[in-house]
Chemist: 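Quick one: this structure, given as structure tokens, is what I'll be asking you about.
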Amino acid sequence: MSGVEYHQLLDQIRKTFPQPVSDRMHDAYFVFAILRALDQVDAMKSRLPVLGDAVQPDYELAQQARIPDHVSTVEDVSGQLVARLRGLPIWGHPHTQVNVVAPPSIPSIIGSLLPSIYNPNLVSDDTSYGLAEAEAAVVAMVSDLIGYDPALSSGIFTFGGTGTNLYGVKLGIEKAFPGAMETGIPGPGVLLASEQSHYCRLNVAGWLGLGERSVVQVPTHLDNSIRLDRLEAAAEEALAQGRRIVALVGTMGTTDALGIDDLEGIVRIRDRLVERHGLDYRPHVHADAVIGWAWSVFNDYPFELNPLGFRPRTVRALAAARRRIAKLHLADSVGIDFHKTGFAPYISSLFLVRDRTDLDLLVRGRQQMPYLFQTGDRHPGVYTLETSRAAGGVLAALANLLLLGKAGLRTLLGHLVEMAEWLREHLEGHDSTTVLNSDNVGTVTLFRVYPSGVDTWTVAERERTDPRARDELLAHNEYNRRIFHHLHRRAMQGHGVLISMTGCYRQTDYGEPIVALKSYILSPFVDAAHVERLVQDVLAAREQVEPPR
Ligand SMILES: *Cc1c(COP(=O)(O)O)cnc(C)c1O
């Protein structure tokens with residue numbers, strides 16, 4: 001027989017693992033391997049707000065990929081992995097104002113990394129030890145933050161904000177259709193959420209067997225919050241049709257515009273429905289706060305004294321958000337993303353319930369899982385959808401809560417809102433730009449740019465409400481698309497700020513989409529100069545882009 005004898009290969013392979021027994025030489029090698037990877041990533045940084053240069057994925061090439069025959073090296077593989085980061089936006093770059101993606105802090109990255117080395121599994125504390133306790137600690141910290149009683153609440157980390165909605169609606173199904181876990185959903189149910197709520201409502205309804213058609217999308221006010229009168233009417237209509245109300249979902253911070261629903265009003269509607277119709281179940285109220293939760297740090301901020309010294313416009317925005325976010329504790333369950341407004345790496349999503357006994361509705365019975373849960377005390381695996389659950393999200397969240405505390409989160413969010421307000425002030429100061437969400441209390445700014453000769457004092461309102469303005473609206477939609485592509489091209493060449501565009505900020509009263517440019521400020525490194533730069537870029541783009549027609 002020729003070739004390599006397997007023991008030789010085994011020795012080689014063993015060196016590619018962290019050593020099970022303390023070996024500082026090998027630790028140095030391990031750390032150095034990470035350091036070298038970081039060095040290679042660093043070499044991809046330039047003036048551009050992306051790593052390396054912008055690339056189009058080549059799926060033809062990807063299809064040619066095959067598993068190699070031979071054993072490779074740590075260095076070779078990590079080099080190949082680093083190359084895969086080419087083209088990624090640098091979310092922390094002050095010229096990256098694209099979307100609700102926050103750059104992760106160093107401790108939260110370490111928090112994600114450490115469990116990858118030791119592979120805890122949150123399915124049970126038999127397999128996760130201190131990490132199970134860490135999860136319980138984060139649950140308590142965040143419960144207290146939003147106003148749940150940590151002695152009564154509970155929660156688990158799951159696979160994204162979508163997962164938190166899935167859990168919330170699943171609880172609602174079990175309440176509206178007791179025993180559905182065992183026997184399925186016997187009749188028509190309805191899920192009520194606003195038109196501006198996240199589209200994962202459809203996934204959730206589809207995957208849980210309710211069906212997408214059971215989702216009722218309730219119209220919103222101009223501030224993107226749900227219209228309570230329409231919500232109540234929709235709920236009444238559903239009941240009149242003999243459907244059971246599976247969940248009322250309050251969106252506490254919409255993805256595009258930080259619209260915040262009146263949760264207290266939603267809960268009051270739920271209570272009225274129960275009373276008026278003598279319902280034999282209490283429709284579940286879930287708060288999709290994956291974005292808005294972080295504003296809870298202002299629940300006990302003394303705005304009058306304003307010790308952190310925010311500008312008056314910022315104070316007004318923060319206080320306005322608090323008015324609604326402070327009601328989060330009224331929801332039966334809440335979804336929270338640390339990877340959205342908590343500066344943690346993907347995935348770090350927490351599902352909280354106010355009353356931990358609700359989770360009993362999801363328990364599948366211990367006898368079905370005989371090989372798990374023989375010892376230990378905390379066994380989320382008996383009610384989680386997942387079996388294996390990673391702990392990276394837990395430690396990343398814990399890291400940032402410990403690192404930043406309330407003061408740090410207030411500082412970061414306050415600064416980001418301050419920068420967004422600064423941008424709105426500047427855009428409002430020019431006669432060729434209109435801010436669509438000037439009442440917005442978050443860090444996202446949606447605006448439109450107009451060619452010369454358009455009266456920007458009145459155009460946005462006319463375009464939104466007057467069907468006779470349809471052609472004008474569509475022409476200006478096209479103009480804004482062109483402005484966006486111009487800005488995008490320039491930013492990718494290292495000249496200016498990378499923003500995004502939404503094809504439908506909202507619909508006009510006559511059913512057409514309103515295109516808007518979007519700046520989402522989430523980098524702690526953004527300063528006034530970057531904001532002013534964006535305004536300059538936009539004005540310069542107007543000189544370059546042909547108006548339509
Ligand atoms: C992003 C988002 C979601 C989905 O969360 P993922 O973490 O992306 O799964 C749900 N709801 C709202 C309001 C969101 O912004």
Side-chain angles (χ1 to χ4, degrees), residues 2-20 23-93 95-96 98-99 101-121 159-160 339 343-348 388-393 395-396 399 488 491-494 498 523:
S2 64
V4 192
E5 202 242 326
Y6 98 87
H7 276 106
Q8 255 178 312
L9 272 181
L10 184 61
D11 278 345
Q12 191 185 329
I13 291 168
R14 281 179 174 161
K15 294 201 180 75
T16 68
F17 284 77
Q19 297 303 289
D23 177 343
R24 304 187 102 175
M25 290 267 282
H26 197 273
D27 275 357
Y29 170 69
F30 177 21
V31 171
F32 198 69
I34 295 175
L35 196 68
R36 283 192 43 154
L38 286 182
D39 263 349
Q40 291 171 36
V41 175
D42 201 60
M44 289 201 269
K45 290 180 183 165
S46 67
R47 282 197 311 167
L48 306 192
V50 298
L51 290 172
D53 44 6
V55 283
Q56 284 299 319
D58 183 347
Y59 295 109
E60 296 271 338
L61 189 67
Q63 261 183 47
Q64 312 293 320
R66 299 293 180 271
I67 299 171
D69 276 332
H70 303 290
V71 174
S72 184
T73 63
V74 172
E75 291 70 28
D76 183 52
V77 172
S78 71
Q80 294 198 49
L81 300 183
V82 167
R84 300 292 181 171
L85 302 192
R86 202 172 144 216
L88 273 190
I90 302 171
W91 300 112
H93 198 294
H95 282 174
T96 307
V98 176
N99 220 329
V101 188
S105 71
I106 293 172
S108 73
I109 296 168
I110 295 176
S112 291
L113 177 66
L114 289 178
S116 318
I117 306 174
Y118 290 100
N119 253 353
N121 183 344
F159 60 91
H339 60 246
F343 305 93
Y346 288 116
I347 293 284
S348 184
S388 296
R389 234 164 15 98
L395 276 204
H488 190 83
M492 283 311 196
Q493 292 160 352
L498 190 63
S523 164

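Keep in mind the model is a prediction, meaning the values are calculated, not measured.
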Chemist: What's the separation between atom CD in E75 and atom CD in Q80, rounded to the nearest 0.5 Å?
Modeler: 12.5 Å

Chemist: Looking at every non-hydrogen atom in both residues, tell me the closest pair between Q12 and S72 and how far apart they are.
Modeler: NE2-O, 4.0 Å

Chemist: Measure the CZ-CD1 distance between F17 and I117 for me, rounded to the nearest 0.5 Å.
Modeler: 13.5 Å

Chemist: Please check this pair: side chain of H339 against backbone of I347, looking for a donor-acceptor N/O pair closer than 3.5 Å.
Modeler: no

Chemist: Using the rule given for side-chain contact (heavy atoms from CB on, under 4.5 Å), can you reason through V74 versus F30, listing the C-alpha separation, both sets of side-chain angles and the distance that settles it, and then say yes or no?
Modeler: CA-CA 9 Å; V74 172; F30 177 21; over 6 Å; no

Chemist: Give a yes or no on whether the backbone of A396 and the side-chain of S108 come within a donor-acceptor separation of less than 3.5 Å.
Modeler: no

Chemist: CG/L38 to CZ/F32 distance, rounded to the nearest 0.5 angstrom?
Modeler: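 Answer for the CG-CZ pair, L38 versus F32, is 11.5 Å.
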
Chemist: State the CG-CG distance between D42 and L51, to the nearest 0.5 angstrom.
Modeler: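 Rounded to the nearest 0.5 Å, the CG-CG separation comes out at 9.5 Å.
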
Chemist: Work out which heavy atom in V55 is nearest to a heavy atom in G87; give both atom names and the distance.
Modeler: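 Answer, listing the atom of V55 first, then G87: CG2-CA, 4.2 Å.
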
Chemist: Would you say I106 has more than 12 foreign heavy atoms packed within less than 6.0 Å of its CD1?
Modeler: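 Incorrect, the count does not exceed 12.
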
Chemist: Can you name the nearest heavy-atom pair linking P120 to P115, along with the distance?
Modeler: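 In this case the closest contact between P120 and P115 is CD-O, 3.2 Å.
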
Chemist: Tell me if a side-chain donor or acceptor on H26 pairs with a main-chain N or O of K15 at a distance below 3.5 Å.
Modeler: yes

Chemist: Show the nearest heavy-atom pair for residues P345 and S112, with the distance to one decimal.
Modeler: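 Looking at all heavy atoms of both residues, the shortest contact is CG-OG, 3.3 Å.
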
Chemist: Who passes salt bridge (Lys or Arg N to Asp or Glu O under 4.0 Å) against D39, sequence neighbours left out?
Modeler: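 For D39 there are no salt bridge (Lys or Arg N to Asp or Glu O under 4.0 Å) partners, ignoring immediate neighbours.
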
Chemist: With side-chain contact (heavy atoms from CB on, under 4.5 Å) as the test, would you mind laying out the steps for M44 and V82 before giving the verdict?
Modeler: CA-CA 9 Å; M44 289 201 269; V82 167; 3.6 Å; yes

Chemist: Quick check: closest heavy atoms across V50 and P89, and the distance to 0.1 Å?
Modeler: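 Distance-wise, the nearest heavy atoms are CG1-CA, 3.9 Å.
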
Chemist: For the pair L48 and M492, evaluate side-chain contact (heavy atoms from CB on, under 4.5 Å) and give the outcome as yes or no after the intermediate values.
Modeler: CA-CA 6 Å; L48 306 192; M492 283 311 196; 5.6 Å; no

Chemist: Within this structure, what is the CD-CG distance for the pair Q8 and L10, rounded to the nearest 0.5 Å?
Modeler: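 Answer rounded to 0.5 Å: 11.0 Å.
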
Chemist: How close do A102 and F343 get, counting heavy atoms only, and between which atoms?
Modeler: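 Minimum heavy-atom contact is CB-CD2, 3.7 Å.
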
Chemist: Going from CD on Q63 to CG on D58, what distance comes out if it is rounded to the nearest 0.5 angstrom?
Modeler: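 Separation between the atoms: 10.0 Å.
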
Chemist: Quick one, Q19 and D27 - any side-chain contact, counting heavy atoms below 4.5 Å?
Modeler: no

Chemist: With sequence neighbours left out, what residues match F159 under ring pair (Phe, Tyr, Trp, His ring centres under 6.0 Å)?
Modeler: none

